[in-house]
Amino acid sequence: MDKKSDIIEKRKKKLLDLKRNKINPYPNDFVVLHTVRDIKKTVEDAPDSLTEDSPVFVVAGRMMAINRFGKASFIRFRDRTGQLQAYLRKDKIGEKSYNMFKQLDIGDFVGLNGGMFKTRTGEWTLLVKEFKLVCKSARPLPEKFHGLKDPEKRYRRRYIDLAMNSDVRDIFMKRSRIVQVIRTFLLDRDFLEVETPMMQPVPGGAEATPFVTHHNALGMDLFLRIAPELYLKRLVIGGFERVFEINRSFRNEGVSTRHNPEFTMLEFYQAYARYEDLMDLTEEMFCHVAREVTGSTSIQYQGNTIDFGTKWRRISLASAMEEFGGIDAGLMNHREGLLEFAASNKIKVTKTGRLGKIITKIFDVLVEPKLLQPTFITGYPIEVSPLSRRSDTEPELADRFELFIAGHEIANGFSELNDPVDQKERFLQQVEDREAGDKEAHYMDEDYIEALEYGMPPTAGEGIGIDRLAMLFTDSVSIREVILFPHMKPVERANG
RNA sequence: GGGCCGUUAGCUCAACUAGGCAGAGCACCUGACUCUUAAUCAGUAGGUUAUAGGUUCGAUUCCUAUACGGCCCA
């Protein structure tokens, strides 16, 4: 048997009392005419025009604090645009109305109308002529000073986190802004925004374990996409020479400060471009985002200044391994030597894995964390790049780059492999790896091969992790801080 | 998957080292107060200490397991 908390019981009793007194605790007829932002702007622009009686503002919001005196009260309330103080006096709103106000709680929504005046301490305040309860809150908000801190409660009940913590609101407004700026940036360059299937018969475009689901009517399993790549390239084949998609992909992996099972990616494809062009475009895009979102091309992340404004470093994987990992470039083609090096550095690698996998694994551990300023790494081995175009000059390498910032992989781009015969061979090699036990290896996608056979113009494409970008621009250590509702295990509810 | 840490009132935290009546602030409730802004003053009330076991005369405290979470590693 649940014993509900005293404080919630009392709130629910107040609700019943309201109903008994024929006051609707959930009306929907209050017409809002102004926002807090509107009011503050008027105060700023024309303070001399304001009197207690005019102009009359009509505004609504959630009460975040109440200071009651005997026959007057100050409240602080907030709408989507900001917070404002209001002053309610018994002699202004009438005894009946004031007694009704006394029954309200922090957390309730009120509709207010009145004029602006300046208090003795100089704060512009709404002098309320009329107020109306707009929504009763049946549960108390957290403490006003400390707010809600427990990360588990913050993630599980993000609405309270948002209601209480302005820095959390700022993070998600910033995230939204980042996406909007990127969208506009691409639209301005004649890219077409599209939506491609999230449920796919063959999951492709990345090395990852997919989620499986089942379509009853079709009697078939489908996979939640691990990337939109192969569909976006089909669109390039169809003549949409510049396309992009910003949406969710899903990977059936563990959760951590950097991984959420569903995450947001931008992927874009540009025909007649090469991967070098996309590096230029990426620099331009990030500078633009930084300027639009923060007002500067350099940002602070975990105590480090990250500068997008200067030319980004471009360095080959082999050189980076030598410079940051201390691995002799001559070792790059020597499997046994690399395995020995990995072992002596306590890096666990799959001994049977392909050479490229061993190299990238060592890179992840020794080099990636050291790449603080934006850095493009190029020259990836072909066997870890099964969808990339083969380099004309070094056929063992792909025309590919990855972008690292603040020790995180942020983007991955390459000139697309548009030779269907080569692509088929690459898939076959992946299938071989899969059969050898590599669960993340690509699946054979015959339908995609067929599409390539119709001809895809030379194209370069890139994926950018939006969550990680949002982490960078909001100085967040954990991906959960930039995802509104991060995945959590369900918990038995003790109290309904 | 492994290691470490955490879970006490609606919220933020004490009490645990060395077992002995579970406490504070805010919020709530009652009263006073017409310029407060972490309002103030007086008084009241609020707990199955995450869950299940064990040790003990006695467990929030020690032990075991489980659940959920955080950080680090894989």
Side-chain angles (χ1 to χ4, degrees), chain A residues 1-15 17 52 63-78 83-95 97-99 101-108 116-128 137-158 160-161 163-165 209 252-259 302 342 345-350 361-362 364-365 368-369 407 439-440 476-481 486-496:
Chain A
M1 195 169 71
D2 290 341
K3 191 181 175 186
K4 282 185 187 139
S5 103
D6 184 53
I7 194 163
I8 292 170
E9 282 300 297
K10 278 173 179 154
R11 286 275 181 113
K12 294 198 167 158
K13 185 176 171 298
K14 279 187 179 177
L15 254 173
D17 288 345
E52 291 184 4
M63 289 198 288
M64 300 308 292
I66 305 176
N67 286 349
R68 295 182 199 278
F69 299 85
K71 300 182 184 68
S73 303
F74 284 94
I75 66 170
R76 260 170 288 150
F77 69 99
R78 197 177 58 232
Q83 187 166 284
L84 189 69
Q85 176 169 267
Y87 187 43
L88 292 95
R89 296 168 53 129
K90 192 175 185 173
D91 60 5
K92 289 277 179 188
I93 64 174
E95 181 163 0
S97 192
Y98 196 77
N99 288 340
F101 171 74
K102 280 181 169 175
Q103 299 307 306
L104 299 188
D105 297 294
I106 292 171
D108 292 349
M116 294 299 285
F117 78 107
K118 229 179 191 173
T119 64
R120 268 178 217 159
T121 55
E123 178 169 352
W124 281 101
T125 299
L126 184 75
L127 182 66
V128 176
S137 167
R139 285 175 183 266
L141 289 176
E143 194 224 331
K144 61 189 167 191
F145 189 58
H146 294 95
L148 186 67
K149 283 189 169 173
D150 181 348
E152 183 171 355
K153 284 173 184 150
R154 286 182 46 230
Y155 300 150
R156 284 191 197 281
R157 288 186 273 187
R158 182 70 91 180
I160 304 178
D161 192 25
M164 296 304 298
N165 299 324
T209 311
N252 205 340
E253 296 159 1
V255 297
S256 76
T257 48
R258 292 194 202 181
H259 297 92
Q302 301 301 303
N345 282 278
K346 297 200 165 70
I347 301 167
K348 285 185 189 166
V349 296
T350 325
K361 178 73 195 177
I362 295 172
D364 288 351
V365 176
E368 181 172 326
K439 290 206 165 62
E440 296 192 337
S476 301
V477 191
S478 169
I479 197 170
R480 290 179 210 108
E481 294 297 335
H487 272 278
M488 306 283 276
K489 283 195 178 184
V491 74
E492 288 287 317
R493 307 210 65 172
N495 146 7

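Each chain gets a letter, A, B and so on, in the order its sequence line appears, and its residues count up from 1.
Counting any heavy atom pair closer than 4.0 Å across all strands shown, K90(A) reaches no nucleic acid atom.
A donor N or O paired with an acceptor N or O is not found under 3.5 Å between the base of U37(B) and the side-chain atoms of R76(A).
Residues satisfying the ring-ring contact (aromatic ring centres under 6.0 Å, His included) criterion with F69(A), sequence neighbours excluded, are absent altogether. For D108(A), the salt bridge (charged side-chain N to carboxylate O under 4.0 Å, His left out) partners are K136(A), not counting sequence neighbours.
Taking atom P in both C57(B) and G69(B), the straight-line distance is 38 Å, to the nearest Å. A gap of 13 Å separates the C1' atoms of G20(B) and A15(B), to the nearest Å.
Ranked by how close their nearest RNA chain B nucleotide is to the 5' end, G147(A) and A72(A) are led by G147(A).
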When you compare the protein's N or O atoms with those of nucleotides 68-71 of chain B, which come within less than 3.5 Å of each other, and at what distance?
from: C68(B); atom 1: OP1; to: K489(A); atom 2: NZ; distance (Å): 3.4
from: C68(B); atom 1: O3'; to: R156(A); atom 2: NH2; distance (Å): 2.9
from: C68(B); atom 1: O2'; to: E152(A); atom 2: OE1; distance (Å): 3.4
from: C68(B); atom 1: O2'; to: E152(A); atom 2: OE2; distance (Å): 2.2
from: C68(B); atom 1: O2'; to: R156(A); atom 2: NH2; distance (Å): 2.9
from: G69(B); atom 1: OP1; to: K489(A); atom 2: N; distance (Å): 2.8
from: G69(B); atom 1: O4'; to: E152(A); atom 2: OE1; distance (Å): 3.0
from: G70(B); atom 1: OP1; to: R480(A); atom 2: NE; distance (Å): 3.4
from: G70(B); atom 1: OP1; to: R480(A); atom 2: NH1; distance (Å): 3.3
from: C71(B); atom 1: OP2; to: R480(A); atom 2: NH1; distance (Å): 3.0

Pull out every protein N or O sitting under 3.5 Å from an N or O of nucleotides 28-33 of chain B, one pair per line with the distance.
from: C29(B); atom 1: OP1; to: K14(A); atom 2: NZ; distance (Å): 2.5

### Task
Determine, stepwise, if the pair R258(A) / E368(A) fulfils salt bridge (Lys or Arg N to Asp or Glu O under 4.0 Å).
CA-CA 14 Å; R258(A) 292 194 202 181; E368(A) 181 172 326; 3.7 Å; yes
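Side chain of N67(A), nearest nucleotide from U37(B), U34(B), U12(B): U37(B).
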### Query
How is the base pairing of RNA chain B summarised as a dot-bracket string, given the Watson-Crick and G-U wobble criteria with both distances under 3.5 Å, [ ] for crossing and | for another strand?
(((((((..((((......[..))))..((((.......))))......(((((..]....)))))))))))).
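Residues in residues 65-78 of chain A take part in these side-chain hydrogen bond (donor to acceptor under 3.5 Å, both in side chains) pairs, two or more places apart or across chains: S73(A)-Y98(A).
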